[in-house]
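In what follows, a single structure is set out as structure tokens and then discussed.
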Protein chains: 2
Amino acid sequence: MNTVHYNAAMSSPSSPARGRPARIDQARTVATALELLDESGLDALTMRRLATALDVQAGALYRYFATKQDLLTAMAERMLAGVAAVPASAPGGDWGEQLTGLAGALRGALLSYRDGARVFAGTYATGASVLGFADTVVGVLRGAGFGDEEAARALLAVANFTVGHTLEEQAARQPADGPGAPERSADPERLRRAVAEGEFEQLAAVLPTLTESDFTAHFAFGLHLLVEGLRAVRAAGGPSGG
Amino acid sequence: MNTVHYNAAMSSPSSPARGRPARIDQARTVATALELLDESGLDALTMRRLATALDVQAGALYRYFATKQDLLTAMAERMLAGVAAVPASAPGGDWGEQLTGLAGALRGALLSYRDGARVFAGTYATGASVLGFADTVVGVLRGAGFGDEEAARALLAVANFTVGHTLEEQAARQPADGPGAPERSADPERLRRAVAEGEFEQLAAVLPTLTESDFTAHFAFGLHLLVEGLRAVRAAGGPSGG
DNA sequence: ACCTGAACACCGTTCAAGT
DNA sequence: ACCTGAACACCGTTCAAGT
């Protein structure tokens with residue numbers, strides 16, 4: 001069962017190719033959609049533009065994906081392909097380092113496509129890539145002695161932090177194309193101005209760190225907090241040592 | 001300077017009301033937009049529907065908001081109104097409890113409107129509510145002895161976790177209107193089926209916790225990890241005790 | 001079986017013209 | 001100064017009809 005089941009309700013192309021051979025299929029459609037996403041961003045990814053890139057009419061896409069949302073879910077699933085294999089390629093380290101590596105791999109997968117985090121956050125993918133990642137994370141935690149409940153909640157905490165962080169990281173990296181300045185992009189200049197205008201003494205003091213562009217350091221710090229928190233939880237809860 | 005400056009480039013209504021009195025304004029437009037959001041969700045919030053609710057034509061909205069994105073930013077800002085006042089109303093407790101209260105207030109603010117987290121995550125609000133919240137959080141942390149860099153990074157970690165968590169919480173609470181099952185909603189049933197179909201032993205073991213609907217407990221656990229992580233960081237770094 | 005062509009019911013945004 | 005009316009350039013989705 002390696003294949004992703006995008007949508008069991010969709011009519012998949014039957015095995016013996018009756019009639020004309022298909023000009024597109026799910027895999028090529030998702031691949032082209034991800035290329036388009038990376039080139040132009042989520043807002044520019046329309047069914048019509050995707051169809052044009054595939055040299056087909058827009059309606060043809062609906063033979064493979066019931067809705068655009070289904071396509072986005074398949075894209076999210078594909079983005080995470082191989083993300084669970086990270087600890088296997090770097091087997092050393094304790095559970096904390098393995099968890100850090102896995103979270104970093106998730107962030108890397110989302111960062112590897114423009115608006116990747118937005119696509120992932122906007123879908124609910126339950127394919128082999130996503131579940132395999134979750135399975136690996138939970139395996140590391142249970143192997144380290146955490147209980148089932150703690151392992152599940154730790155998975156959620158790490159995943160939600162990673163998605164939330166990468167969402168903002170990619171929003172900040174948005175090109176802000178043109179002097180018209182779109183409102184979503186996290187321009188540090190606007191933040192600086194806003195802090196200067198109001199009375200935010202505390203914020204003003206930490207502004208240099210807050211507006212720095214080293215998102216890897218921000219991510220590492222948050223992840224470090226979660227791992228150290230887990231260490232504290234385990235020390236307080238279970239009878240086993242580290 | 002209490003007023004939120006939605007967009008300095010927009011022509012605000014001049015003080016002496018020349019010509020016809022305005023039938024709509026920014027404040028009423030944002031309030032109505034939030035009502036509509038809460039009733040029907042973000043996907044149903046269109047400029048045309050909002051205009052109809054305000055008894056006006058769609059084009060009239062563009063005298064107050066340059067783009068829909070600007071309107072959404074103003075909505076995000078308004079959602080967080082008063083969220084920084086939480087520690088003032090419950091002044092007791094150490095920095096950890098105060099931080100927990102602030103994060104809980106942020107989650108509560110996002111939860112108080114349907115798709116609130118999606119609106120917030122999709123914008124970059126830098127008004128008094130958002131900056132006031134950030135200022136308060138940083139103030140708590142610096143007051144507890146954390147350095148400027150750690151305080152800034154801790155703010156980001158807590159905010160990103162909270163947004164990421166609430167994004168998923170609201171996706172899970174989506175009514176999933178109709179048996180057609182929209183793909184975004186985090187139906188626990190689909191997750192159960194997907195885990196059962198594949199070979200995810202670790203995931204299967206924690207499935208009861210993973211699919212439980214007590215998001216408050218999930219949120220509390222993640223927040224607990226962050227706070228305990230901060231305690232560990234402070235113990236390891238600074239010379240001052242707790 | 002697979003895709004086209006054409007339509008349906010919408011969008012966000014702009015802007016001359018009215019009052 | 002504020003809003004209307006109407007248009008522009010799109011959307012996602014459906015479906016009879018062609019091959």
Side-chain angles (χ1 to χ4, degrees), chain A residues 7 9-29 32-33 36-37 40-75 122-123 178 180-184, chain B residues 7 9-29 32-33 36-37 40-75 122-123 178 180-184:
Chain A
N7 193 338
M10 288 305 294
S11 63
S12 8
S14 51
S15 310
R18 295 276 223 175
R20 232 61 71 251
R23 288 163 46 198
I24 58 175
D25 56 28
Q26 285 180 341
R28 193 163 83 88
T29 302
T32 305
L36 223 69
L37 175 73
S40 317
L42 182 56
D43 294 337
L45 179 67
T46 69
M47 296 300 265
R48 286 164 202 265
R49 276 206 257 250
L50 174 57
T52 300
L54 288 164
D55 214 26
V56 112
Q57 296 296 315
L61 298 173
Y62 289 85
R63 197 156 298 269
Y64 300 93
F65 301 95
T67 63
K68 185 182 183 181
Q69 189 65 30
D70 281 358
L71 169 66
L72 290 168
T73 301
M75 290 169 66
T123 58
E183 275 297 320
R184 186 195 292 113
Chain B
N7 193 339
M10 288 305 294
S11 64
S12 8
S14 51
S15 310
R18 295 276 225 176
R20 231 61 71 251
R23 290 163 43 199
I24 58 176
D25 56 28
Q26 284 179 341
R28 193 164 82 88
T29 301
T32 304
L36 224 69
L37 175 73
S40 318
L42 182 56
D43 294 337
L45 179 67
T46 68
M47 296 300 265
R48 285 165 203 265
R49 276 207 257 250
L50 174 58
T52 299
L54 288 163
D55 214 26
V56 111
Q57 295 297 313
L61 298 174
Y62 290 85
R63 197 157 297 271
Y64 301 92
F65 300 95
T67 63
K68 186 182 182 181
Q69 190 63 31
D70 282 359
L71 168 66
L72 290 168
T73 301
M75 290 167 67
T123 56
E183 276 297 320
R184 185 195 292 113

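Just the heavy atoms: all of them, side chains too, but no hydrogens, waters or symmetry mates, feed the values below.
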Closest non-hydrogen contact found for B/Leu42 with B/Leu72 is CD1-CD2, 3.9 Å
Minimal non-hydrogen separation, B/Phe65 against B/Thr29, with atom names: CE1-CG2, 3.7 Å
Between C/dC2 and A/Tyr64, is there an OP1 or OP2 to side-chain N/O distance shorter than 4.0 Å? no
Looking only at side-chain N and O atoms, does A/Arg23 come under 4.0 Å of OP1 or OP2 in C/dA1? no
Contacts of B/Arg28 that satisfy side-chain contact (heavy atoms from CB on, under 4.5 Å) - sequence neighbours left out: B/Ile24, B/Asp25, B/Thr32, B/Leu54
Separation of atom [atom1] in [X] from atom [atom2] in [N], rounded to whole Å:
| X | N | atom1 | atom2 | result |
| --- | --- | --- | --- | --- |
| B/Asp70 | C/dG12 | CG | C1' | 13 Å |
| A/Arg28 | C/dC2 | CZ | P | 14 Å |
| A/Asp43 | D/dC10 | CG | P | 15 Å |
| B/Arg49 | C/dC10 | CZ | P | 8 Å |
| A/Ile24 | C/dA1 | CD1 | P | 17 Å |
| B/Asp55 | D/dC3 | CG | C1' | 12 Å |
| A/Leu50 | D/dC11 | CG | P | 12 Å |
| A/Gln57 | D/dC11 | CD | P | 13 Å |

Output the distance between atom CE (B/Met75) and atom CG (B/Asp70), rounded to the nearest 0.5 Å. 12.5 Å
Straight-line distance of A/Asp43 CG to A/Leu37 CG, nearest 0.5 Å: 10.0 Å
Taking only distance into account, with no hydrogens and no angle test, what donor-acceptor pairs under 3.5 Å do side-chain atoms of residues 44-51 of chain B form with protein atoms, sequence neighbours excluded?
unit_1: B/Thr46; atom_1: OG1; unit_2: B/Arg49; atom_2: N; d: 3.0
unit_1: B/Arg49; atom_1: NE; unit_2: B/Ala44; atom_2: O; d: 2.9

Atom C1', compared across C/dC2 and D/dA16: separation rounded to whole Å: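 Looking at atom C1' only, C/dC2 and D/dA16 are 14 Å apart.
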A correct dot-bracket answer for DNA chain C, with pairs being Watson-Crick or G-U at under 3.5 Å, [ ] for crossing pairs and | for inter-strand pairs, is ||.|||||...|||||.||
Heavy-atom contacts, protein to nucleotides 13-19 of chain D, under 4.0 Å, summarised as B (base), S (sugar-phosphate only) or - (none) per nt, yield BB----B
B/Val56 side-chain proximity, nearest of C/dC3, D/dC3, C/dC11: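 Out of C/dC3, D/dC3, C/dC11, the nucleotide with an atom closest to B/Val56's side chain is D/dC3.
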